[in-house]
Amino acid sequence: PSIDPPKITKTLCPYCGVGCGLEIVETVAPPHANFADRFKVRGDRAHPSSQGMVCVKGATIAESIQKDRLLHPMMRDRLDAEFRQVSWNEALEAIVDRIQQVLTTKGADALCMYGSGQFQTEDYYIAQKLFKGCLGTNNFDANSRLCMSSAVSGYVKSFGADGPPCCYEDLDMTDCLFAIGTNTAECHPIIFNRFRRHHKKNPQVKLVVVDPRRTQTAEVADLHLAIQPGTDIDLLNGIAHLLVLWGKCDRDFIENHTTGFAEFSDIIQIYEPEFVARRCGINIDDLYLAAKYWADSPRVLSIWSMGVNQSTQGTAKVQCIINLHLLTAQIGKAGSGPFSLTGQPNAMGGREAGGLANLLPGYRFVANPEHRSELEKFWGLPSGQISDRIGRTAWDMICGLEADEVGLLWIAATNPAVSFPDLERTKKALRRSPFTIYQDVYDPIETSNYAHILLPATQWSEKTGTMTNSERCVTLCQAFHPPLGEARDDWAIFAEVGRRLGFADKFDFQTSAEVHSEFVQITRDRPCDMTGISHAKLADMGAIQWQAPEQNPEGDRLHNKRLYGDLQFHTPDRKARFGAYHAQGVFEAADEQFPFILTTGRLYGHWHTQTRTGRIDKIRQMHPHPFIEIHPQDAEKFNINAGDLVEVRSRRGASKFPAMLTERISRGVLFVPMHWGALWAENAEANALTHAEADPDSKQPELKACAVAISLA
Ligand code: SF4
């Protein structure tokens, strides 16, 4: 008898912004078998971004599908009461009643939604239509605010529009990879592996790593600049100073394709090598060498992530990286360009769908009256329906709760009770919320403790939709089993609430493919034009990179790989802008009382607050407990030995971690991973220590640096 071939479903790894294609092979295990036995995960060799590669997170993900799922809607009247299971109808009616009550008593700006880069683009889009369109408040923000909003504002200020101009193929073609504020080897491992193949094969290719820690990325660098936290702009301006001094600028490019060079060259004058080396705490010869690599490499690709973005000068840092590319004409061509690595799997799709409080779908801005008007017409809403007020950003929602200005908070697919800065203040504010809806996949999660209603959402394995990765590649993520329990797709929950609020005609969607086809129309003639992409085409052709306008329906990948090949930027005069900034250092400097700078980050195996990876045995064994990295000489001063429990205190709170003594970290600097919340370890929350001061443009908090003191616990 013939045996049916195994069923294979193509989808995308839902963890990080690398966006690796996955194939799910359904085995012949009986239908009631554990999902990890029934569904085998492997890399999709045909996916253009990852070519079959996956890291440990992608490889083990099937183990987390069934564990600790939230299966039914739950409600309670008070935070100290027990949840009771309710029907979807009861939960949705309670939400609709509450929204109407808040609209009457406090107005639309008392409604807030905090979403996630875990959303598919369809989820993002329907949430924008509901909140920004129908309800008339821009109070939608996402955890991308904590992740890459500085990259957005930096790109917008320099190029007139968001959108990383590079693609992963540039990793195979560059002569110098300048990695600043990114531990790519651990946090974007498949991107790093791809570059390393090129790096190993071509000894003339250089890797420069800028990071206060000697990370796994720095271990294999040709040059590691272990700068002091907060001195990135000193370094970047210092390299620019040397390039100008050596006459290594492309004067024609600067003249014809940029503005702002005069002010920039005034600023960088003071960044002389001795001054910069002293401020950064690096050897002056290393500074010269970094500048020499920039000067001598025909193609320089810079990459960065949270180490740059999570800063009170995040936007300025991004622009200072871009400045080096503008000085040397390293943009719009293969192997070069400023490439922001996105953290979340679909933070890019969120940007396209307008999923931040200052954005509207299709790379539009709340502050732009034409953009608001275009959307009002598209959505069939009265003129003036979209508010001209920029909505509350993530931290503004906390401040709004403190001031009793929030009547309803809807949190979906993210865990702010671990990931927000200044956690004690965050938790106190969440406890004040008069009505919080928490929509997620798992239970328990730390944030469930602050909810009045829990809504069960489907996750990557049981919902179909699109995600865009760091290189603007859109992939169709296809469901491979029915939803567990009563879980529903995020977009479908938002649409149902919209219909019950009286907007039935605006949310008349049966499938996510229908949502997607409306969404792409809104991108027509915008920088992120995706009118040539549909679910059907993605299923047929595989992932497609934008720009992908309708007139180019085949998604000509060669054409779409890089932005700005024509050197026409999205500013009114089509020229890129130099950004001129002095370095201001970290917001909270070390002092006598708090003599260390604490920096936080991620580990190879874990993902964010462990809602998935904490439920995967192999990953828990890989990273069994939190720790703090301390330089041995610093530890000696405090009589701290390896493994001792160390209490770490900041102006906001305290946590305890076992000590790991290592010269990977510079003296005066400490490192703790950000993955452990109250569910996974006692008193080991990194964000109990961090502060919420943010970049003035991007509103991204400075999670990467705060002043702390240590002692034996
Ligand atoms: Fe998933 Fe990122 Fe690992 Fe790729 S690199 S398998 S997207 S976690």
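We count ligands from 1, going down the list as the structure has it; atoms in each ligand are counted the same way.
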Does any N, O or S atom of His188, backbone or side chain, fall under 2.8 Å from atom 3 (Fe) of ligand 1? no
Let me confirm one number: the CG-OG distance from Asp232 to Ser311, rounded to the nearest 0.5 Å. 7.0 Å
Protein heavy-atom partner closest to atom 6 (S) of ligand 1 - residue, atom, separation in Å: Cys55 N, 3.4 Å
Contact atoms of ligand 1, heavy-atom distance to Lys57 under 4.0 Å: 8 (S)
Numbered in order shown, the ligand 1 atoms found under 4.0 Å of a heavy atom of Gly19 are 7 (S)
To which of Ile190, Thr60, Asn469 does the heavy atom nearest atom 5 (S) of ligand 1 belong? Ile190
Under the salt bridge (charged side-chain N to carboxylate O under 4.0 Å, His left out) definition, can you give me all pairs with a residue in residues 340-354, not counting sequence neighbours? Asp162-Arg351
Atom 4 (Fe) of ligand 1 - nearest protein heavy atom and its distance: Cys20 SG, 2.3 Å
Measuring to atom 4 (Fe) of ligand 1, does Cys16 have an N/O/S atom at a distance below 2.8 Å? no
Within the 4.0 Å heavy-atom shell around Tyr15, which atoms of ligand 1 are there? 8 (S)
Is the backbone N or O of Ile665 less than 3.5 Å from a side-chain atom of Arg213, with the two atoms forming a donor-acceptor pair by type? no
Please report the interatomic distance OG(Ser50) to CD1(Ile191), rounded to the nearest 0.5 Å. 10.5 Å
I need the nearest protein heavy-atom contact for atom 1 (Fe) of ligand 1: residue, atom name and distance, please. Cys13 SG, 2.3 Å
Should we count CZ of Arg620 as having more than 12 external heavy atoms under 6.0 Å? no
So that I know where these two stand, are Trp676 and His606 an aromatic pair - ring centroids less than 6.0 Å apart? yes
Does Tyr363 have its ring centroid less than 6.0 Å away from the ring centroid of Tyr155? no
